[in-house]
Amino acid sequence: MDDLVFPAGFLWGASTSAHQIEGGNIHSDWWAWEQAGRVAEKSGRACDSWNRWREDLDLAASLGLSVFRISVEWARIEPEPGHFDIDVLAHYAEVLRGIHERGMLSMVVLWHFTHPEWFSQGGAPWLRPDAATAFGRYARRVAEAMGEHVDLWATLNEANTCVEHAFVTGDWPPGRTGDYVTAYRSYRGLAAAHHAARGAIRDVLGPQTSVGLTHVMPWAHPAAGSWGSGLRRRLYHWEGAHAFLSLVGSDLDWLGVQYYYDAPMTLAGIDDDDGDPPRTDMGWRIYPQGLHGVLHEAWTRYRVPMIVTENGLADAADVQRGRFLLDHIAWTHRAIEEGVPVLGYLHWSLIDNFEWAHGFGPRFGLAEVDHDTFVRTPRPSAALYAQIARGNRVTPAMGAGLTYADGTSTLGPR
Ligand code: BGC
C-alpha cells in the first residue's frame with residue numbers, strides 16, 4: 001500500500017456537543033428528563049467544559065487539528081421565550097475566538113438533541129406552530145452575536161436520531177413509543193426550522209455564508225448469502241436517513257455525514273450477527289467500508305460537498321480505536337479518489353462525554369476524562385490521529401501492530 005495522501009487543505013477535526021460536555025444545562029428538556037429519573041445517570045457537571053473549554057481547545061490544537069466542532073445550547077441562550085442571555089452569547093463568542101486563536105476553523109451546530117424546556121413542555125416540540133419561527137429567531141440572534149467567529153454553520157444534528165429516540169423507542173424525552181406519525185410530522189417541523197435558520201443566518205451574514213446540517217447514515221448491505229433484500233435496504237436507507245433529508249432538499253451548502261455502523265439485511269430484516277465482525281464497547285458492529293458506501297450514496301442523492309462530521313467508537317481501553325481510525329479514514333480516501341467531494345473528517349469525540357441514555361459508561365474520547373477530577377488524558381490513539389492530521393496522510397507503517405480486539409486488521413481498502 002502507498003501512502004494515502006489527502007487533498008491539500010483537507011480538514012482534520014474533532015466534534016463535541018454542548019449538553020454532553022458542558023454540564024449544568026438546567027433549562028433544557030434533557031435536564032428535566034434526567035431529574036425525573038428517566039436515565040440511570042445524570043449529566044450533572046458532564047466534563048465541566050463550560051469552565052474548562054480552554055483545556056479542550058488546547059488539546060484539540062495540540063493534536064494538530066484544523067477544525068473544531070462545538071454546539072451552542074439553545075436552552076442556555078434563550079432560557080425563556082424571547083429572553084436572550086447576553087452573558088451566554090458572549091461566552092460562546094469567546095470560545096469561538098479561542099478556536100481561531102489556536103489556528104483552527106470553527107464549526108457550530110445550533111441544535112444537538114436538546115430543547116429549552118419552554119419549547120418542548122414535555123411534548124412534541126417540532127409540531128408547535130411557531131417552531132420554525134422560534135428556531136429562526138434563535139439562529140438570527142446567534143449569528144448576530146458570534147457570526148464573525150464561525151466558519152461552518154450546521155443548523156441541526158441528526159434529526160433522525162432524535163426523533164427516533166423521542167417518539168419510536170422512547171428512551172429520550174418525551175419518551176413516546178411507536179408514534180411514527182409524530183416522528184414524521186416532526187421531520188417536517190425540523191426541515192422548516194432548518195430553512196428558517198439558514199435563511200436567518202444568511203440574512204445576517206450574507207449569502208456567501210456556508211450553512212449545512214449534520215446527519216447520521218447507517219449502511220445497509222446484503223447479509224452473506226442473502227438475496228432479494230434490495231427493497232428492504234432501500235427502505236431502511238429511506239427511513240433512516242433520506243425521509244428527513246429529502247424534506248431539506250437543496251437548501252444546503254454542505255452536508256455533514258456521520259457514520260457509526262452497518263446493517264446487514266436479509267429478507268426478514270437486519271441480521272446483527274452477520275459475518276461476526278469486531279464490535280465496540282457498546283456492541284456496535286465495526287464495518288469501515290460502510291462509510292465509503294454512505295458517502296457515495298449521499299453524493300449521488302444530494303450533490304453538495306460533504307464533510308465526515310462524526311465517526312468514532314466506544315473503546316475505553318483504546319485497543320481498537322487506532323485500527324478503527326485508519327480503516328475509516330482509508331475508506332474516506334477511497335471515496336475521494338473516486339470523485340466524491342469530501343472536504344474533511346471530524347472524529348467523535350475529542351473527550352469522553354455524557355452518552356445520553358447510556359450515561360458516562362461508553363468512552364468515545366480521543367482523550368479519557370476522569371469524571372471526578374475532570375482531568376483529560378489523551379489516549380494512545382490520539383497520538384496516531386495527530387500524526388495523520390499533521391501529515392495529511394495515512395502511511396502503511398501506521399498500521400503496524402494495530403488490530404481490532406478479535407485480532408483482525410483487514411477491513412481497510414487494499
Ligand atoms: C450523536 C452524538 C453521540 C454519538 C455516539 C451521534 O449519533 O450526534 O451525540 O454521542 O452519536 O452515539
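Computed over heavy atoms, backbone and side chain alike; hydrogens, waters and symmetry mates excluded.
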Salt-bridge criterion met for R379 and D352 (N-O under 4.0 Å):
yes
Okay, side chain of D370, backbone of V375: is any donor-acceptor separation there less than 3.5 Å?
no
Side chain to side chain contact (heavy atoms under 4.5 Å, CB included) assessment of H333 paired with V394:
CA-CA 9 Å; H333 186 269; V394 166; over 6 Å; no
Do I270 and R285 have side-chain heavy atoms sitting under 4.5 Å apart?
no
H115 and ring pair (Phe, Tyr, Trp, His ring centres under 6.0 Å): which partner among W111, F113, W118?
W111
Does any part of the side chain of S246, heavy atoms only, come nearer than 4.5 Å to the side chain of W238, both counted from C-beta?
yes
To the nearest 0.5 Å, what is the distance between CG (D58) and CG (L63)?
11.0 Å
Between F135 and W74, does the ring centre distance come in under 6.0 Å?
yes
Reference residue S43; test side-chain hydrogen bond (donor to acceptor under 3.5 Å, both in side chains); the match among Q20, E34, E22:
E34
Looking only at heavy atoms, the pair that brings P288 and Y404 closest together is CG-OH, 3.6 Å
For W30 and H19, take the angle between the two ring planes, folded into 0 to 90°, and tell me which bin it lands in: parallel under 30, tilted 30 to 60, perpendicular over 60.
tilted
Heavy-atom pair of closest approach, residues D318 and S381
OD1-OG, 2.7 Å
Reported CG-to-CD distance for the pair L57 and E55, which is rounded to 0.5 angstrom
10.5 Å
Okay, side chain of R393, backbone of V5: is any donor-acceptor separation there less than 3.5 Å?
no
Run the side chain to side chain contact (heavy atoms under 4.5 Å, CB included) test on W50 and R45 for me, step by step, so that the C-alpha distance in whole Å, both residues' side-chain angles and the decisive distance to 0.1 Å come before the verdict.
CA-CA 9 Å; W50 182 258; R45 290 174 69 189; over 6 Å; no
Counting only N and O atoms by type, is there a donor-acceptor contact under 3.5 Å from the side chain of H194 to the main-chain atoms of L252?
no
Please work out which of the three classes, parallel, tilted or perpendicular, describes the rings of Y385 and H347, given edges at 30° and 60°.
tilted
Would a 4.5 Å heavy-atom cut-off, applied to side chains only, mark V163 and Y180 as touching?
no
With the side chain counted from C-beta on, respond yes when H221 and D274 share a heavy-atom pair under 4.5 Å apart, and no when they do not.
yes
Interatomic spacing from CE in M282 to CZ in F364 - rounded to 0.5 Å
5.0 Å
Run W12 and N392 through side chain to side chain donor-acceptor pair (under 3.5 Å) and show every step you take.
CA-CA 8 Å; W12 295 101; N392 201 30; 2.8 Å; yes
Relative to the ring of F10, is the ring of F6 parallel (under 30°), tilted (30 to 60°) or perpendicular (over 60°)?
tilted
Looking just at side-chain N and O atoms, do Q289 and D262 make a donor-acceptor pair shorter than 3.5 Å?
no
Should the ring pair H371 and F360 be called parallel, tilted or perpendicular, given that the plane angle runs from 0 to 90° and is split at 30 and 60?
tilted
Does D29 reach the main-chain N or O of P174 with its side chain, forming a donor-acceptor pair under 3.5 Å?
no
Where do L156 and V248 land on the side chain to side chain contact (heavy atoms under 4.5 Å, CB included) test, with the steps shown first?
CA-CA 11 Å; L156 305 171; V248 171; over 6 Å; no
Kindly give the heavy-atom pair with the smallest separation between A46 and G23, and that separation in Å.
CB-N, 3.5 Å
Validate the cation-pi geometry between R301 and W299: distance from NZ or CZ to the six-membered ring centre under 6.0 Å, angle to the ring axis within 45°.
no
Which atom of E73 lies closest to which atom of A18, heavy atoms considered:
OE1-CB, 3.7 Å
State, with a plain yes or no, whether a side-chain heavy atom of V142 is found less than 4.5 Å away from one of Y92.
no
Once rounded to the nearest 0.5 Å, what's the spacing between atom CG of L350 and atom CG of L65?
7.5 Å
Sidechain N-carboxylate O distance under 4.0 Å for R363, D281:
no
What I'd like to find out is whether the side chain of L127 reaches to under 4.5 Å of the side chain of S186, using heavy atoms alone.
yes
For the pair D151 (side chain) and S106 (backbone), establish whether a donor and an acceptor sit closer than 3.5 Å, ignoring hydrogens and angles.
yes
So that I can tick it off, tell me whether R279 and D273 are bridged by a salt bridge, with the cut-off set at under 4.0 angstrom between side-chain N and carboxylate O.
yes
Just one of E297, H237, R234, H215 clears the side-chain hydrogen bond (donor to acceptor under 3.5 Å, both in side chains) bar with H242, so which one?
E297
Atom NE2 in H328, atom NE2 in H292: separation rounded to 0.5 Å?
13.0 Å
What about F119 and W126, are their ring centers closer than 6.0 Å?
yes
For Y261 and W284, take the angle between the two ring planes, folded into 0 to 90°, and tell me which bin it lands in: parallel under 30, tilted 30 to 60, perpendicular over 60.
perpendicular
Shortest non-hydrogen contact from L247 to A191?
CB-CB, 3.7 Å
Partner residues of W172 under the side-chain hydrogen bond (donor to acceptor under 3.5 Å, both in side chains) criterion, sequence neighbours left out
none
Below 4.0 angstrom, N of the basic side chain to O of the carboxylate: do E239 and R232 qualify?
no
Nearest heavy-atom neighbours spanning D406 and P277
OD2-C, 4.2 Å
One pair to check against side chain to side chain donor-acceptor pair (under 3.5 Å): S49 and R376. What are the steps and the verdict?
CA-CA 11 Å; S49 290; R376 283 96 161 116; 3.0 Å; yes
Any donor-acceptor pair under 3.5 Å from R323 side chain to L402 backbone:
yes
Donor-acceptor under 3.5 Å (T408 side chain, T403 main chain)
no
State whether the side chain of T309 and the backbone N or O of Q258 hold a donor-acceptor pair below 3.5 Å, judged by distance alone.
no
Tell me if a side-chain donor or acceptor on D253 pairs with a main-chain N or O of G212 at a distance below 3.5 Å.
no
Mark yes or no for whether R321, through its side chain, and L366, through its backbone, hold a donor-acceptor pair below 3.5 Å.
no
Are side-chain heavy atoms of M398 and I388 found at a separation under 4.5 Å?
yes
D56 and R102: CA distance, side-chain angles, deciding distance, salt bridge (charged side-chain N to carboxylate O under 4.0 Å, His left out) verdict:
CA-CA 11 Å; D56 296 344; R102 288 163 179 79; over 6 Å; no
Going by side-chain hydrogen bond (donor to acceptor under 3.5 Å, both in side chains), E78 matches just one of H83, H27, R137, R141. Which one?
R137
N311 side, atom CG; W331 side, atom CH2 - distance, nearest 0.5 Å:
14.0 Å
Partner of V72 under side chain to side chain contact (heavy atoms under 4.5 Å, CB included), picked from L89, L110, V109, is L110
Given side chains that start at C-beta, do those of N353 and V369 come closer than 4.5 Å, heavy atoms only?
no
